[in-house]
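Report on one structure; see the data block that follows.
A quick note: this is a predicted structure, and the numbers were derived from the prediction, not measured. Sequence lines set the chain letters: A, B, ... in the order given, protein chains first and strands last, and positions in each chain run from 1.
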Number of protein chains: 2
Amino acid sequence: MQPFRILIVDDHAHAREGIREILEEFEDFLIIGEAKNGKEAIQLTEQLLPDIILMDIQMPEMDGLEATKRIKLQFPAVKIVMITVSDDITDLFDALKKGAQGYLLKNIQSDQWVEHLRAFALDEVPMSKEIAFQILKEFPQKKALSKENIPLSTRELELLQLVAKGLSNKEISKALFISENTVKSHLKNILSKLHLDNRVQLTSYAFQQGLVD
Amino acid sequence: MQPFRILIVDDHAHAREGIREILEEFEDFLIIGEAKNGKEAIQLTEQLLPDIILMDIQMPEMDGLEATKRIKLQFPAVKIVMITVSDDITDLFDALKKGAQGYLLKNIQSDQWVEHLRAFALDEVPMSKEIAFQILKEFPQKKALSKENIPLSTRELELLQLVAKGLSNKEISKALFISENTVKSHLKNILSKLHLDNRVQLTSYAFQQGLVD
DNA sequence: TAAATAATACCCCGAAAGAGTGATTTTTTT
DNA sequence: AAAAAAATCACTCTTTCGGGGTATTATTTA
């Protein structure tokens, strides 16, 4: 049996990696490409003609909804599953209106996530609003996409404060009396845990989550 | 006549530069050093024994109030003038309590700024709460320290949005269909206008000012 | 019309950031 | 006591940032 050919579309490299890690454990899923915005998604879809596109909604340049609309116009056979951490269900209806077949939340546990995706791929389950609602109901808390929801340690939160103030790694190292290498280590762990790519995204995240000021 | 020997203490390089630019035009002021936090301020005070310290209040590592307290304990003769963009006068009282002789706002025009500083240096004016209030009254709007208050252009605001999302210069250039050099040019102008040092500080600024999300 | 501002672009350069790997020590949990 | 997690540090390598310039072309304002 042929594996399902998957295209991952997400602006966060770590998020893409998280999805890849999970799906690569299963033989019936094959990741054939990654895109980090709507434009790239359209390009790669033309080139690779995937069976399924896992598409993030929030993206720079061209968001997932717009990309979904355009892709479905050109390639109606491609199945598109929106992925998002949002628990705002208005996004869901927008996505379905634009032609997305499915809707998966990043916050559900990875094994269930894959199960749903497979069922969807096999057309066993017409991924409906009802199912999406059910998922929402079962997993109200936000959980990270990967293995488990790894919270930041106190030390990491301490570091985060200084990063968001715009201090350099060297300045942070002096402020906390540790080496610059250690600062870099911590920062790498933080970015990895939160599936972010750089300190600016971390700063935005911190403000949006109310972790600073 | 000997010039007044000045130590500038501010965590923003651009702010320090702004002060330096203004004061260097006058022969009776000599900038003998710059510090970017309270700790450095104490160190440099011990080494250089300035006549006057221009001290920012908000700083990482050790803020201006704490530094003022410690410096006045060790060197009561040093005159300390707090500088701030804050129009919150509670800071003012705190500063005076901690031993600061004066209080200047970054937002007043540079010529008046220098006049006040010189008068203060010559002990002609015992910089009092009343005078500070008067300054506050005359200049209620926030204005930048340098020549004038330069607002961001629409294009610059557009760029700011993408910076705060954590996009790299290259990614921004692709998103806006301009060269990476142009992105860098814009960013340099933005940081210079706002007296900030890097894109993380710009991101924090944007959130605090409600320019994003 | 002349002057100022905005938007575009290029160069050089050193510093900083971030990815990859690996490792040790302390603390906490099981 | 053993295992897991947290905190520390090092070393290399490549890319990105940010400061220093300078310059051209529109557009807007005086």
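- Rounded to whole Å, the distance from CD on Gln201(B) to C1' on dG18(D) is 12 Å.
- No hydrogens or angles considered: a donor-acceptor pair under 3.5 Å links the side chains of Asn169(B) and Arg199(B).
- What separates CG of Asn189(A) from P of dC9(D) is a distance of 14 Å, to the nearest Å.
- Within the 4.5 Å cutoff, side-chain heavy atoms of Leu176(A) are placed close to those of Leu162(A).
- Taking atom NZ of residue Lys193(A) and atom P of nucleotide dA5(D), one finds them 10 Å apart after rounding to whole Å.
- Contact check, Ser192(B) against dG19(D): no side-chain N or O comes under 4.0 Å of OP1 or OP2.
- In this entry the distance linking CG of Leu159(B) with P of dG18(D) reads 12 Å, nearest Å.
- Closest of all the heavy-atom pairs between Ala35(B) and Leu44(B) is CB-CD1, 3.9 Å.
- A salt bridge is defined here as a Lys NZ or Arg NE, NH1 or NH2 lying under 4.0 Å from an Asp or Glu carboxylate O, and Lys174(A) with Glu180(A) fails to meet this definition.
- In this entry the distance linking NZ of Lys174(B) with C1' of dT8(C) reads 19 Å, nearest Å.
- For dT8(D), neither phosphate oxygen OP1 nor OP2 lies less than 4.0 angstrom from any side-chain nitrogen or oxygen of Thr182(A).
- In summary, the side chains of Thr182(B) and Ser179(B) do present a donor paired with an acceptor at a separation below 3.5 Å, with no hydrogens or angles considered.
- Judged as a ring pair (Phe, Tyr, Trp, His ring centres under 6.0 Å), and not counting sequence neighbours, the contacts of Phe207(A) are Phe207(B).
- Arg155(A) places its CZ atom 9 Å from the P atom of dC9(D), with the value rounded to the nearest Å.
- With respect to Glu158(A) and Arg155(A), a salt bridge is recorded, a charged nitrogen being found less than 4.0 Å from a carboxylate O.
- Over its length, the helix from dT1(C)-dA30(D) to dT30(C)-dA1(D) turns its helix axis by 70°, as judged from the five terminal pairs at each end, rounded to 10°.
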Polar-atom pairs under 3.5 Å, protein N or O versus N or O of nucleotides 12-19 of chain C: list them with distances, or write none.
residue: dA16(C); atom: OP2; partner: Lys170(A); partner atom: NZ; Å: 3.1
residue: dA17(C); atom: OP1; partner: Arg199(A); partner atom: NH2; Å: 3.4
residue: dA17(C); atom: OP2; partner: Asn169(A); partner atom: N; Å: 3.0
residue: dA17(C); atom: OP2; partner: Asn169(A); partner atom: ND2; Å: 3.3
residue: dG18(C); atom: OP1; partner: Arg199(A); partner atom: N; Å: 3.2
residue: dG18(C); atom: OP2; partner: Arg199(A); partner atom: NH1; Å: 3.0
residue: dG18(C); atom: N7; partner: Lys184(A); partner atom: NZ; Å: 3.1
residue: dG18(C); atom: O6; partner: Lys184(A); partner atom: NZ; Å: 2.8
residue: dA19(C); atom: OP1; partner: Asp197(A); partner atom: O; Å: 3.3

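- The 5' end of DNA chain D is approached more closely, in terms of each residue's nearest nucleotide, by Glu156(A) than by the other of Ser185(B) and Glu156(A).
- The heavy-atom pair separating Arg5(B) from Leu49(B) by the smallest distance is NH1-O, 2.8 Å.
- In this structure, Leu152(A) atom CG and dA7(D) atom P are separated by 10 Å, rounded to whole Å.
- Using a 4.0 Å cut-off, some side-chain N or O of His186(B) falls inside it from OP1 or OP2 of dT8(C).
- OP1 or OP2 of dA7(D) sits under 4.0 Å from a side-chain N or O of Ser153(A).
- Atom CG in Leu202(B) sits roughly 11 Å away from atom P in dG19(D) (whole-Å rounding).
- Annotation for Leu160(B) and Leu211(B): closest pair CD2-CD1, 3.7 Å, computed over non-hydrogen atoms.
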